[in-house]
Amino acid sequence: MALFQKRTHNCGSLRTEDSGEKVILNGWVATVRDLGGLFFIDLRDRYGITQLFIHPEDSPALVERARQLKSEFVIWASGTVCMRENPNPKIPTGLIEILLEDFDIINRSELPPFEIINDITTAEDLRLKYRYLDLRRPDLQKNFIMRNLVYQVTHNYFAENDFLEIETPVMMKSTPEGARDFLVPSRINKGRFYALPQSPQIFKQILMVAGFDRYMQIVKCFRDEDLRSDRQFEFTQIDIEMSFIEREDIFSLIEGFFVRLWKETLGIEVEAPFLQMSYNEAMTRYGSDKPDLRFGLEINTITDLVSNSEFKVFSDIVQSKGEVALINAKGCAGYSRKQLDELTEFAKKYGAKGLAWIKFSGGVVNSPISKFLSESEIEKIMKAAGCEEGDLLLISSDTWHRCYTILGAVRLEIARRTGILEQVKNQYSFLWVTDFPLLEYDAESGRFIAMHHPFTSPVDEDIPLMDTAPEKVRAKAYDIVLNGSEVGGGSIRIHRGDIQKRMFELLGFTPEDADAKFGFLLDALKYGAPPHGGIALGLDRITMLLLGTDNIRDVIAFPKTTSGLSLMDGSPSYVDEAQLKELGIGIIKNE
RNA sequence: GGGGUCGUAGCUCAGUUUGGUUAGAGCGCCAGUCUGUCACACUGGAGGCCGCGAGUUCGAGUCUCGUCGGCCCCGCCA
């Protein structure tokens with residue numbers, strides 16, 4: 001006697017045209033409904049749910065055995081496909097049922113800690129501990145079916161465009177720039193470490209030097225930084241690199257990819273080419289380097305209007321080269337003191353000292369700062385903001401970056417509160433953000449750091465500025481943004497050794513430093529490096545956007561919590577002294 | 001590193017403001033009734049380390065301190 005009767009069909013495949021057929025199903029018992037004179041079992045697998053039916057009068061022994069069935073028991077079941085007396089149009093198999101003739105329990109299940117249903121209310125920590133049960137839910141399974149579709153479309157699209165998938169090492173050299181590395185101790189070479197890749201950046205550039213011309217890889221990357229709802233320290237990139245190309249070649253390639261992906265997953269036609277916007281414009285109009293363009297609510301800069309104001313808060317900021325700007329929250333003049341306080345608290349999270357406001361309602365201006373401003377100043381501000389009856393102006397004054405960042409955050413918060421975000425949720429707005437600064441000054445270390453990474457090429461006409469005004473040099477870097485989410489970023493790389501050396505100088509590396517850290521890349525660039533560039537797309541985030549979820553844990557089968565724990569397997573864990581000794585590692589105990 | 005918030009039955013939550021008999025509800029579970037259910041319905045029943053540890057008090061789910069864990073955000077991360 002075999003352990004079980006192997007299925008002839010799955011639980012999602014049978015339809016009316018199979019009526020009369022003898023079938024065997026395997027699956028999990030989802031629910032049992034015992035009506036006394038009628039007995040129903042919902043059998044579930046990855047493909048769907050099929051109803052099994054027993055008529056107790058006809059099969060008293062069978063129903064007696066069936067009464068032992070509990071949720072999540074694994075069974076085989078044989079019977080005949082029949083038309084239902086009362087069809088259920090809500091499920092694909094709802095027109096048929098299986099008249100059960102025989103079955104057996106293949107494996108029992110303990111009572112699960114939560115029900116395996118779609119509309120789950122159970123806290124996430126318990127679901128993560130029993131991830132295998134959570135993953136049994138059709139809702140979550142559909143996410144991984146979507147994720148798999150993303151893999152397939154990606155491989156097909158890039159293969160058709162002559163890309164080669166080449167694997168790069170998971171254990172590599174630690175690099176000082178960018179995110180914190182995860183380190184792997186070397187047993188054979190004690191005291192030395194491998195790093196897990198933050199991205200395969202240098203390897204893919206070296207593949208270009210090697211002449212592979214078009215490389216792609218769906219690859220895990222690792223960054224030892226704090227986690228968020230849209231960030232895990234282990235994540236997946238669609239990594240791309242090409243030779244003999246310019247920025248626009250990357251753009252059209254990636255636009256073609258997204259058009260194809262949206263078509264094949266959601267059946268939606270996306271318009272290409274995508275909009276492009278410089279970093280500077282994105283910041284000053286939307287207060288973000290990843291603006292959500294599905295709605296307006298743009299920022300208005302009023303620095304020039306208040307540069308000579310009696311109101312010191314504004315004029316002092318202007319004196320110190322800061323900016324004053326505002327958002328017009330249309331129709332929000334009715335906001336209460338409490339709501340305005342909440343908005344101010346919200347702005348403070350982004351470093352604001354405060355948030356000035358002007359209400360215009362019933363033809364009257366109401367503002368805590370109106371007594372510091374002249375009537376003509378208020379008039380000019382309102383005009384610049386396009387302020388109409390019922391509007392609320394929210395004003396930020398700060399350093400350039402902070403002023404716009406605060407308003408960018410306030411812009412999203414207003415969109416959230418007024419329901420604008422809800423209204424646009426089924427729209428997709430792709431955008432290229434371009435012309436990022438090559439460098440940014442890091443006050444903490446007192447030096448420039450690379451905004452993208454140290455291999456990013458400066459814009460050609462800005463190369464002379466590297467010697468005179470490095471902070472003004474623009475990079476051949478670009479991000480792709482979808483609905484306010486950064487879904488990818490890349491650049492045209494430096495392929496000339498002399499410019500790469502100059503870049504390292506600007507970053508404060510001595511030639512010896514640069515050689516010790518990146519000598520192998522500098523060497524490679526000496527041997528006929530082609531012009532090249534690429535991009536990396538965030539596969540997890542793209543999948544999130546396709547599914548409309550804002551939780552990255554919904555698209556990763558075995559995710560970590562926000563404190564970096566895996567609740568199912570209990571990692572990270574302590575290891576034996578012997579294991580540490582073998583690696584030459586000692587633990588410093590904190591008091 | 002910092003801020004916010006949550007932790008009470010298997011699950012979701014009420015009770016905490018103002019300390020006071022035996023800590024409640026819904027779902028699930030167990031038993032029974034039921035011939036067309038599909039979140040079956042109905043009747044009955046079992047089920048508690050109030051996250052953990054100290055403290056205050058005659059008395060703590062409730063107050064204080066600490067600690068562990070979840071979620072969200074800032075910093076960090078591209």
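All heavy atoms count here, side chains included; hydrogens, waters and symmetry mates do not. Numbered from 1 within each chain, the chains take letters A, B, ... in sequence-line order.
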Mind checking the [atom1] distance from [N] to [M]? Whole angstroms is fine.
N     : M     : atom1 : answer
B/U8  : B/A60 : C1'   : 14 Å
B/C38 : B/G28 : P     : 13 Å
B/G32 : B/G51 : P     : 36 Å
B/A23 : B/C50 : C1'   : 8 Å
B/C6  : B/C13 : P     : 12 Å

Where the side chain of [X] is concerned, which of [options] is the nearest nucleotide?
X      : options             : answer
A/S229 : B/C72, B/C76, B/U12 : B/C72
A/E115 : B/A39, B/A78, B/C27 : B/C27
A/T121 : B/G75, B/C11, B/C38 : B/C11
A/L567 : B/G70, B/U37, B/A78 : B/G70
A/A179 : B/C72, B/A78, B/U12 : B/A78
A/T562 : B/C71, B/U37, B/A78 : B/C71
A/T561 : B/G70, B/C77, B/C38 : B/G70
A/R553 : B/C72, B/C76, B/C74 : B/C72

What is the nucleic acid contact for [X], judged by heavy atoms within less than 4.0 Å: base, sugar-phosphate only, or nothing?
X      : answer
A/E124 : sugar-phosphate
A/Y350 : sugar-phosphate
A/D119 : nothing

Per-pair stack call A/F114 and B/C11, 5.5 Å, 30°:
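No, the aromatic ring of A/F114 does not stack with the base.
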Look at the side-chain N and O atoms of A/S199 and state whether any lies under 4.0 Å from the OP1 or OP2 oxygen of B/A78.
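Result: no.
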Using a cut-off of less than 4.0 Å, is there contact between a side-chain N or O of A/R228 and OP1 or OP2 of B/C74?
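Indeed, a polar side-chain atom of A/R228 lies that close.
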Could you label the plane-to-plane angle of the A/H453 and A/F455 rings as parallel, tilted or perpendicular, counting under 30° as parallel and over 60° as perpendicular?
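The arrangement is tilted - the two ring planes meet at 30° to 60°.
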Spacing of CZ belonging to A/F235 relative to CD1 belonging to A/I556, to within rounding of 0.5 Å
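It comes to 10.0 Å.
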With sequence neighbours left out, what residues match A/E72 under side-chain hydrogen bond (donor to acceptor under 3.5 Å, both in side chains)?
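Once residues adjacent in sequence are excluded, the partners of A/E72 under the side-chain hydrogen bond (donor to acceptor under 3.5 Å, both in side chains) criterion are A/R44, A/R136.
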Taking ring-ring contact (aromatic ring centres under 6.0 Å, His included) as the cut-off, I'd like each qualifying pair that reaches into residues 26-51 of chain A, sequence neighbours left out, listed once.
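Sorted result for residues 26-51 of chain A: A/F40-A/F53.
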Distance-only donor-acceptor test (3.5 Å): side chain [X], base [N]:
X      : N     : answer
A/R127 : B/G70 : no
A/R231 : B/C77 : yes
A/R84  : B/C38 : yes

Is the number of heavy atoms from other residues, nucleotides or ligands under 6.0 Å of A/Y132 OH greater than 12?
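Yes, enclosed.
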State whether the number of non-hydrogen atoms from other residues, nucleotides or ligands found under 6.0 Å of A/K472 atom NZ is greater than 12.
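Atom NZ in A/K472 is not packed in, count stays at 12 or less.
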Got a sec? Which of residues 57-71 of chain A come in under 4.0 Å of RNA chain B, heavy atoms?
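Within residues 57-71 of chain A, the residues near RNA chain B are A/E57, A/K70.
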Minimum heavy-atom distance between A/L99 and A/C82, given as atom pair plus value:
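Scanning both residues completely, I find the closest heavy atoms to be CB-SG, 3.7 Å.
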